[in-house]
Amino acid sequence: MNGLAPSGKMRFIAVAVILCAGYFCSPVFAHPRGEWTKLILTQHWPQTFCSMEHCKTDLGNWTLHGLWPNTGIRCNTSWHFNASLIEDIIPEMERVWPDLLEPSSPKFWKYEWQKHGTCAAQAESLNSEHKYFSKALELYHKFDLNSVLRNNKIVPSEKYYTLDDVETALTNFYNVKPKIQCVHPGKGGQFQILGQIEICVDRDFQLMNCEKSTEEIWSNDMSVSGQSALSVCDQSMPVYYPPVPSRS
Ligand SMILES: *[C@@H]1O[C@H](CO)[C@@H](O)[C@H](O)[C@H]1NC(C)=O
Ligand SMILES: *[C@@H]1O[C@H](CO)[C@@H](O)[C@H](O)[C@H]1NC(C)=O
Ligand SMILES: *[C@@H]1O[C@H](CO)[C@@H](O)[C@H](O)[C@H]1NC(C)=O
């Protein structure tokens, strides 16, 4: 399905063979401590993000937040972000991975690269800035969250959905469980706001289930104010999928 899978597999075999030369020969050792086993492709709904962070956007598509390995953070602080290495994909980055706080600034990409990209780069298939960002764009298009929701009649609207509506649409299409996150209301609130959706893949970029709680920590990733209110949506509360304000 994608050209990078074979090299991922070869790497796995190479590591296993080397370890088998020692006195332990266990697949448990195939991924040494600290190496990630899962990538989380995270997309957010710009309207919800901007309601939390006080920005303004007229974007009506889900956009990328990040591509995060399940372990590791700031793995190589001397590997600096250099925008000129991804010059050829910047126009597309601006469309699907915009910095909603500071449009036309590379700050968000720099932040994501330093925090997560340098860890993802442990894998040969992602061991350059260009490979990392291109892979995120590739997965974004491949999974096509915008169409999956739309085709299942989950569209931004003034009416509410159940979490089950959203979950079923995604699970039926991807055949794995994504993680769906909402902004929760304050005390006495009646609905939660759909905010972020995570889709998980293994080291060969094949879909796998996201788990509910273990990576909750990453949800705070971009909250500049440090008070991200996103967490896994509540099964029993109506889900609001905020429409794009009409231009006047
Ligand atoms: C959303 O994405 C689709 C296809 O990727 C594009 O045609 C459309 O213009 C985008 N819509 C908005 C509001 O950005
Ligand atoms: C960290 O990144 C620098 C710059 O790309 C590289 O030279 C160095 O080998 C990396 N260190 C590790 C431990 O990967
Ligand atoms: C960024 O990458 C370009 C292209 O490879 C290179 O010419 C330039 O020196 C790099 N800039 C820095 C600050 O490393």
Side-chain angles (χ1 to χ4, degrees), residues 2-42 63-141 198 200-206 208 210 214-215 217-224:
N2 67 66
L4 292 169
S7 67
K9 229 169 234 125
M10 266 157 64
R11 182 179 184 290
F12 184 89
I13 290 162
V15 171
V17 166
I18 289 163
L19 287 162
C20 284
Y23 44 92
F24 286 121
C25 188
S26 158
V28 171
F29 289 90
H31 289 305
R33 202 177 152 75
E35 290 226 346
W36 56 266
T37 53
K38 182 196 284 187
L39 279 176
I40 306 159
L41 185 82
T42 305
T63 60
L64 279 170
H65 180 169
L67 181 63
W68 307 330
N70 63 329
T71 58
I73 203 169
R74 296 194 178 86
C75 294
N76 184 346
T77 50
S78 52
W79 200 343
H80 301 295
F81 176 79
N82 180 346
S84 60
L85 297 174
I86 54 166
E87 218 162 47
D88 60 321
I89 55 170
I90 279 183
E92 204 193 342
M93 297 275 294
E94 285 173 341
R95 269 197 306 277
V96 309
W97 200 337
D99 184 336
L100 298 166
L101 296 172
E102 278 186 54
S104 81
S105 146
K107 244 163 103 174
F108 186 22
W109 307 329
K110 176 180 175 183
Y111 178 84
E112 291 292 320
W113 167 253
Q114 288 172 341
K115 187 166 174 189
H116 303 289
T118 57
C119 299
Q122 286 169 345
E124 200 186 320
S125 52
L126 298 171
N127 66 0
S128 75
E129 233 186 81
H130 198 275
K131 287 185 192 174
Y132 173 71
F133 287 106
S134 304
K135 180 54 78 175
L137 299 180
E138 179 195 318
L139 295 175
Y140 174 90
H141 291 299
E198 300 182 353
C200 297
V201 295
D202 62 19
R203 281 178 85 104
D204 293 328
F205 309 109
Q206 301 303 306
M208 66 186 287
C210 292
T214 45
E215 291 107 11
I217 175 180
W218 301 133
S219 304
N220 292 322
D221 196 65
M222 196 187 166
S223 173
V224 175

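Order of listing sets the numbers, starting from 1, for every ligand and every atom in it.
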Notebook entry, point to check: Looking only at heavy atoms, which two atoms of Met208 and Thr37 are closest? And how far apart?
Noted result: SD-O, 4.3 Å
Item checked: atom 2 (O) of ligand 2 within contact range, any protein heavy atom under 4.0 Å -> yes
Notebook entry, point to check: Looking at atom 7 (O) of ligand 3, would you say a protein heavy atom lies below 4.0 Å from it?
Noted result: no
Margin query: Under a 4.0 Å threshold between the charged nitrogen and the carboxylate oxygen, would Glu124 count as salt-bridged to Lys131?
Written below: no
Note to self: What protein heavy atom lies closest to atom 14 (O) of ligand 3? Include the residue and the distance to one decimal.
What the structure shows: Asn82 ND2, 3.6 Å
Margin query: Could you tell me, atom by atom, which parts of ligand 3 come under 4.0 Å of a heavy atom of Leu85?
Written below: 2 (O), 4 (C), 5 (O)
Next item on the list: Heavy-atom contacts with Ser84 under 4.0 Å: which atoms of ligand 3 show up? List them by number with element.
Entry: 1 (C), 2 (O), 3 (C), 4 (C)
Next item on the list: Give the numbers and elements of all ligand 2 atoms closer than 4.0 Å to a heavy atom of Asn76.
Entry: 1 (C), 2 (O), 3 (C), 8 (C), 10 (C), 11 (N), 12 (C), 14 (O)
Next item on the list: Please check if a non-hydrogen protein atom sits closer than 4.0 Å to atom 11 (N) of ligand 3.
Entry: yes
Item checked: Option nearest atom 4 (C) of ligand 2 (shortest heavy-atom distance, choices Ser78, Ala121, Ser128) -> Ser78
Checklist line | Candidate list Ile89, Leu85, Leu126, test side-chain contact (heavy atoms from CB on, under 4.5 Å), partner Phe133, passing option | finding: Ile89
Checklist line | Presence of salt bridge, Lys135 and Glu138, under 4.0 angstrom | finding: yes
Notebook entry, point to check: Angle class for the Phe108/Trp97 ring planes (parallel below 30°, perpendicular above 60°, tilted otherwise)?
Noted result: perpendicular
Next item on the list: With the side chain counted from C-beta on, respond yes when Trp68 and Glu112 share a heavy-atom pair under 4.5 Å apart, and no when they do not.
Entry: yes
